[in-house]
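Letters A, B, ... are given to chains in the order of the sequence lines, protein chains preceding strands, and every chain is numbered from 1.
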2 protein chains.
Amino acid sequence: MQEMLSQATTLEALQGFVESLRDVYDIEHLVYHSVNPKGGQYAALTYDPSWVERYIEEDYARIDPVVQSAYRRFHPVDWKALDWSAKTTRQFLGEAIDAGIGNQGFSIPIRGPSGQFALFSANQKGNDDAWAAYTNERVSDLILIAHYLNEKALEIEGSEERGPVRPLSPREKDTLTLLALGNNRANVAETLNISENTLRVYIESARFKLGATNTTHAVAMALLHGLIVV
Amino acid sequence: MQEMLSQATTLEALQGFVESLRDVYDIEHLVYHSVNPKGGQYAALTYDPSWVERYIEEDYARIDPVVQSAYRRFHPVDWKALDWSAKTTRQFLGEAIDAGIGNQGFSIPIRGPSGQFALFSANQKGNDDAWAAYTNERVSDLILIAHYLNEKALEIEGSEERGPVRPLSPREKDTLTLLALGNNRANVAETLNISENTLRVYIESARFKLGATNTTHAVAMALLHGLIVV
DNA sequence: GCCGCCCTCACCATTTTGGGGGAGGGAATA
DNA sequence: TATTCCCTCCCCCAAAATGGTGAGGGCGGC
């Protein structure tokens with residue numbers, strides 16, 4: 001199976017890979033869904049194309065409780081554990097079921113550097129017990145698949161989503177870190193025991209290196225690039 | 001093995017688990033190393049305690065090329081592929097080898113929401129070929145272990161590293177997102193087709209919800225909490 | 001129906017940032 | 001040795017952000 005994946009060099013091939021996986025794993029639907037930072041989405045999945053189109057058209061990722069919940073979790077999420085109570089959520093659920101998505105499912109969140117985020121989901125119709133048995137048996141396999149699939153997808157898409165940036169000097173890192181924590185220039189300068197004038201040089205050079213238009217932008221970019229850790 | 005892990009309820013038990021894993025996998029050292037956002041670190045590992053102490057004391061995570069490189073990658077990293085040329089890095093390497101760390105190794109980066117980051121590394125002394133054979137055989141197992149180990153560590157530590165925050169309204173998200181991209185208030189207001197005065201209300205209410213002292217802080221917090229996606 | 005939250009807009013004084021200069025000493029690298 | 005960063009400091013002035021306060025309409029939940 002991994003040999004098959006390693007031969008995939010296009011996103012279309014990934015799509016085919018996911019489809020064949022569905023048969024191997026004897027499940028109705030498998031979905032690899034990459035939510036790129038820039039708002040672009042890519043998916044390799046077994047859903048009905050019309051549902052996919054609608055999902056993207058309506059930007060359902062914003063209300064899809066699976067996406068929203070997985071985005072702030074580490075563990076794989078069983079769909080049963082989600083909150084489906086909100087009105088918009090119930091409506092979304094109704095549409096999804098009409099489109100043939102199973103009532104049982106679980107999703108594995110996958111993260112990369114710079115905020116890359118993807119979901120690998122398996123789902124089908126069925127009762128709770130059967131589903132619990134299935135997930136219990138398959139979860140390790142699916143975690144690994146999620147991992148390799150994401151690795152491959154990033155490789156194909158070109159993982160340099162955010163262009164490379166010049167590394168920051170230690171002082172620049174200190175500066176942006178303290179700014180990210182909510183300090184203003186005066187505070188940061190005091191903390192670092194330097195004059196505010198000096199501090200400004202660091203901020204501006206960091207901004208220049210990052211191609212940022214202002215301090216907020218520079219801090220956001222430094223965080224997203226993993227250049228500073230708060 | 002997973003049963004053994006599921007019974008671990010303390011960080012000490014995790015330590016024991018990692019030690020027994022080392023024997024099962026016939027390797028010199030295994031290291032689970034969680035780098036918490038706040039700068040706190042936790043590790044379950046098989047290194048010499050004096051090296052661990054020194055590592056923490058000197059804050060070597062800041063210069064350790066394994067940590068630095070893994071932090072901005074998705075794939076597991078083989079230590080051979082790293083850049084060991086910088087002076088401080090070579091010195092660090094010398095100290096590490098003196099402390100008994102193997103010359104061959106690889107590390108699997110693991111990420112959670114809100115910027116949680118951990119590393120699971122395996123290493124030992126040996127030549128390149130033997131190491132390549134070992135990693136090729138074991139990498140899938142180790143990826144899974146890394147996954148479960150991190151899941152368990154977060155569970156034990158309490159994964160609410162950053163206190164919960166009130167959710168942001170759609171307009172607040174829009175606002176912070178556009179600010180994170182480097183727009184100033186005037187631009188954002190124009191983009192959203194609202195007056196700058198209105199925009200300010202969103203910024204301030206977002207700041208209030210997040211407990212942020214200024215816009216930069218609010219944007220940084222929103223990014224780290226996964227409340228906005230840029 | 002009331003309460004809370006969201007969306008929208010306004011004004012004014014003050015504080016904070018940004019733009020654009022210049023300058024010296026030190027460390028590292030090519 | 002020359003060049004390139006890095007760290008440190010200074011000045012002036014314009015532009016932008018912030019703090020505080022007030023206010024109306026809408027929607028959804030209890």
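If you check every strand for non-hydrogen atoms under 4.0 Å, B:Thr215 touches sugar and phosphate atoms only. Using a 4.0 Å heavy-atom criterion, one finds that B:Asn184 contacts the sugar-phosphate atoms exclusively.
The closest donor-acceptor contact from the side chain of B:His29 to the backbone of B:Gly100 lies under 3.5 Å. Of the possible polar contacts, none joining the B:Asn123 side chain to the B:Asn103 backbone as a donor-acceptor pair under 3.5 Å is found.
Residue A:Val188 forms a side-chain contact (heavy atoms from CB on, under 4.5 Å) with just one option from A:Leu181, A:Ile203, A:Asp174, A:Asn183, and that option is A:Asn183.
Whole-Å rounding puts the A:Arg166 CZ to D:dT4 P distance at 12 Å. When rounded to the nearest whole Å, the span between CG of B:Leu179 and P of D:dA17 equals 8 Å. Atoms CG (B:Asn183) and C1' (D:dA17) sit 15 Å apart, rounded to a whole Å. For the pair A:Ile203 CD1 and C:dG20 P, the computed distance is 16 Å after rounding to whole Å. Note: CZ (A:Arg207) to P (C:dT17) measures 11 Å, nearest angstrom. Rounded to whole Å, the distance from CG on B:Leu199 to P on C:dC9 is 10 Å. A straight line from CZ of A:Phe208 to C1' of C:dG19 spans 14 Å, rounded to a whole angstrom. Protein atom CD of A:Glu190 is 18 Å distant from nucleotide atom C1' of D:dC9, rounded to whole Å.
Each of B:Ser195 and B:Pro167 was matched to the nucleotide of DNA chain C holding its nearest heavy atom; the match closer to the 5' end belongs to B:Pro167. Between A:Lys209 and A:Thr198, the residue anchored closer to the 5' end of DNA chain D is A:Lys209, taking for each the nucleotide with the nearest heavy atom.
Within the 4.0 Å cut-off from OP1 or OP2 of C:dA10, at least one side-chain nitrogen or oxygen of B:Asn197 is found. Between C:dT17 and A:Arg185, a contact under 4.0 Å exists linking OP1 or OP2 to a side-chain N or O. Close to D:dC7, at under 4.0 Å from its OP1 or OP2, lies a side-chain N or O of A:Ser169. Applying the 4.0 Å criterion to OP1 and OP2 of D:dT8, one finds that A:Tyr202 has a side-chain N or O inside that range.
Using cut-offs of 30° and 60° for the angle between ring planes, the B:His33 and B:Tyr55 rings count as perpendicular. Taking the six-membered ring for Trp and thresholds of 30 and 60 degrees, A:Trp51 and A:Tyr60 have ring planes inclined between 30 and 60 degrees apart.
In this structure, of D:dT18, D:dT8, C:dT8, it is D:dT18 that holds the atom nearest to the side chain of B:Asn214.
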- Item | Verdict with supporting geometry, B:Phe120 and B:Asn150, side chain to side chain contact (heavy atoms under 4.5 Å, CB included) | CA-CA 9 Å; B:Phe120 184 61; B:Asn150 193 51; over 6 Å; no
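A side-chain N or O of A:Gln104 and one of A:Asp128 form a donor-acceptor pair less than 3.5 Å apart.
Residues of residues 170-178 of chain A that place a heavy atom closer than 4.0 Å to DNA chain D, in numerical order, are A:Pro170, A:Arg171.
Between the side chain of A:Arg200 and the base of C:dG19, a donor-acceptor pair under 3.5 Å is found.
More than 12 heavy atoms of other shown residues, nucleotides or ligands fall within 6.0 angstrom of atom CD in A:Glu196.
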